[in-house]
Amino acid sequence: MIETVFQRAFGAAPTQIVKTPGRVNLIGEHTDYNGGMVLPTAIDLSLTLAFRLRTDDFIHVGSDNFSEIVETTVNSPLEKNWAAYAIGAVAAARQTKMMNRGADIYITSSIPDGAGLSSSAALIVSILKAASLGSGTTITDREIALLAQRVENEFIGVPCGVMDQMAVSLARPGQAMALDTKTLDYELIDLPAGHHMAVVHSGQHRRL
């Protein structure tokens, strides 16, 4: 259980647990950052995040995919390591007043890193949702998706569109999202119950 791992790592229980799905495209490769139409769908591979706001300015990030706990502070320069997406999400949450100190974060995930299944979007969205829940901030899932895109664009330096963040923030496994990335109008569509979708990993690691 992630609660047990979190308590062992940080010495206290988490206050929020957030689960966010991965995403795969049915239609729309490379059209989202050009303001086009896309049809992504959420998948049953997911990321689970345990989260606790701190009373100081430290940020601790742990993951079942990495042995070390990354420790930094809210005022430290963002280092380009595996925890950068999490630390960038905390910075964005602080900028938008969803939190004003640091956080303890632990991640478990069945979404392969670098497989094009939106593992980074799922992580950022999870942290923003946890920060919102922890602070009682009123923010919609659509607003969280836009803020998550900003984390990738401004903190990480990836000029991505908003498709991944919208899909993992708003859709659930079994749902596709017909999304106009120019207007952000969308419709959630249930996939046919009598069909199954296979996502095949090529073994090629994707780096942005």
Side-chain angles (χ1 to χ4, degrees), residues 2 16-25 28-33 38 40-51 59-66 68-70 72 77-96 98-99 103-132 139 141-173 177 179 181 199 201-208:
I2 193 170
Q16 277 77 40
I17 304 291
V18 176
K19 185 176 181 180
T20 303
R23 174 250 10 129
V24 72
N25 271 9
E29 293 295 335
H30 304 294
T31 57
D32 66 318
Y33 47 81
V38 292
T41 181
I43 57 177
D44 56 6
L45 300 178
S46 62
L47 180 145
T48 301
L49 181 100
F51 181 93
I59 303 169
H60 299 141
V61 186
S63 168
D64 58 356
N65 289 329
F66 298 92
E68 78 275 15
I69 301 289
V70 172
T72 187
L78 183 65
E79 296 184 16
K80 295 301 177 76
N81 56 34
W82 67 266
Y85 287 91
I87 296 165
V90 169
R94 284 170 51 81
Q95 282 188 356
T96 52
M98 286 195 286
M99 54 188 291
D104 292 329
I105 298 164
Y106 200 89
I107 306 149
T108 65
S109 180
S110 59
I111 308 171
D113 293 335
L117 300 179
S118 299
S119 59
S120 59
L123 172 57
I124 296 167
V125 164
S126 293
I127 290 174
L128 295 175
K129 287 188 175 185
S132 172
I139 184 171
D141 287 343
R142 180 179 178 275
E143 290 170 327
I144 283 177
L146 290 171
L147 184 56
Q149 180 196 18
R150 200 178 117 208
V151 172
E152 298 230 34
N153 293 168
E154 297 180 11
F155 291 93
I156 307 302
V158 176
C160 65
V162 75
M163 173 184 63
D164 294 9
Q165 295 82 4
M166 286 286 287
V168 304
S169 185
L170 289 145
R172 293 293 172 262
M177 172 181 278
L179 171 66
T181 63
V199 181
H201 197 328
S202 68
Q204 184 67 38
H205 190 77
R206 179 170 180 256
R207 290 189 179 276
L208 297 177

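In this text, all values refer to a predicted model and were calculated from it rather than measured experimentally.
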Atom CD1 in Ile111, atom CG in Leu123: separation rounded to 0.5 Å? 9.5 Å
Find the distance between CG (Leu47) and CG (Asp113) and round it off to the nearest 0.5 Å. 9.0 Å
Where Ala148 and Val125 come nearest, the two heavy atoms and their spacing: CB-CG2, 3.8 Å
With heavy-atom distances below 4.5 Å as the criterion, would you say the side chains of Glu143 and Thr96 are in contact? no
Heavy-atom distance under 4.5 Å between the side chains of Ser120 and Val151, does that happen here? no
Counting C-beta onward and ignoring hydrogens, is there a side-chain heavy-atom pair between Gln149 and Leu146 closer than 4.5 Å? yes
Are any non-hydrogen side-chain atoms of Ile2 and Tyr106 less than 4.5 angstrom apart? yes
Exactly one of Thr48, Val61, Asp64 should register a side-chain contact (heavy atoms from CB on, under 4.5 Å) with Ile107. Which one does? Val61
When you measure from the side chain of Ser169 to the backbone N and O of Met166, does any donor-acceptor pair fall under 3.5 Å? no
List the steps, then state whether side chain to side chain contact (heavy atoms under 4.5 Å, CB included) holds for Phe155 with Val90. CA-CA 11 Å; Phe155 291 93; Val90 169; over 6 Å; no
Working to the nearest 0.5 angstrom, can you tell me the gap between His30 NE2 and Asn25 CG? 9.0 Å
Nearest non-hydrogen partners of Ile127 and Ala89, listed with the distance: CG2-CB, 3.7 Å
Can you give me the closest heavy-atom contact between Ala171 and Pro21, atom names plus distance? O-CG, 3.8 Å
Expected output: side-chain Ser126 to main-chain Ala122 donor-acceptor under 3.5 Å: yes
Under 6.0 Å from the CD atom of Glu79, do we count more than 12 heavy atoms belonging to anything else shown? no
Roughly how far, to the nearest 0.5 Å, is the CZ atom of Arg172 from the NZ atom of Lys19? 10.0 Å
Gln16 (side chain) donor-acceptor with Ala131 (main chain) under 3.5 angstrom: no
Identify the two heavy atoms, one from Ala92 and one from Leu147, that lie closest to each other, and give their separation to 0.1 Å. CB-CD1, 4.0 Å
Nearest 0.5 Å please: distance from the CD1 atom of Ile124 over to the CG atom of Leu49. 12.0 Å
Spacing of Leu128 atom CG and Phe51 atom CZ [to the nearest 0.5 Å]: 9.0 Å
Walk me through whether Glu68 and Trp82 qualify under side chain to side chain contact (heavy atoms under 4.5 Å, CB included). CA-CA 11 Å; Glu68 78 275 15; Trp82 67 266; 2.9 Å; yes
Does some side-chain heavy atom of Val24 sit less than 4.5 Å from a side-chain heavy atom of Thr41? yes
Which pair of non-hydrogen atoms, one from Ala121 and one from Glu152, has the smallest distance, and what is that distance? N-OE2, 3.9 Å
Verdict with reasoning, Met163 to Arg23, per side chain to side chain contact (heavy atoms under 4.5 Å, CB included): CA-CA 9 Å; Met163 173 184 63; Arg23 174 250 10 129; 4.1 Å; yes
Would Ile156 and Tyr85 satisfy side chain to side chain contact (heavy atoms under 4.5 Å, CB included), going step by step from the backbone distance to the final call? CA-CA 7 Å; Ile156 307 302; Tyr85 287 91; 3.7 Å; yes
Can you see which heavy atom on Pro40 is nearest to which on Ala167, and at what distance? CG-CB, 3.8 Å
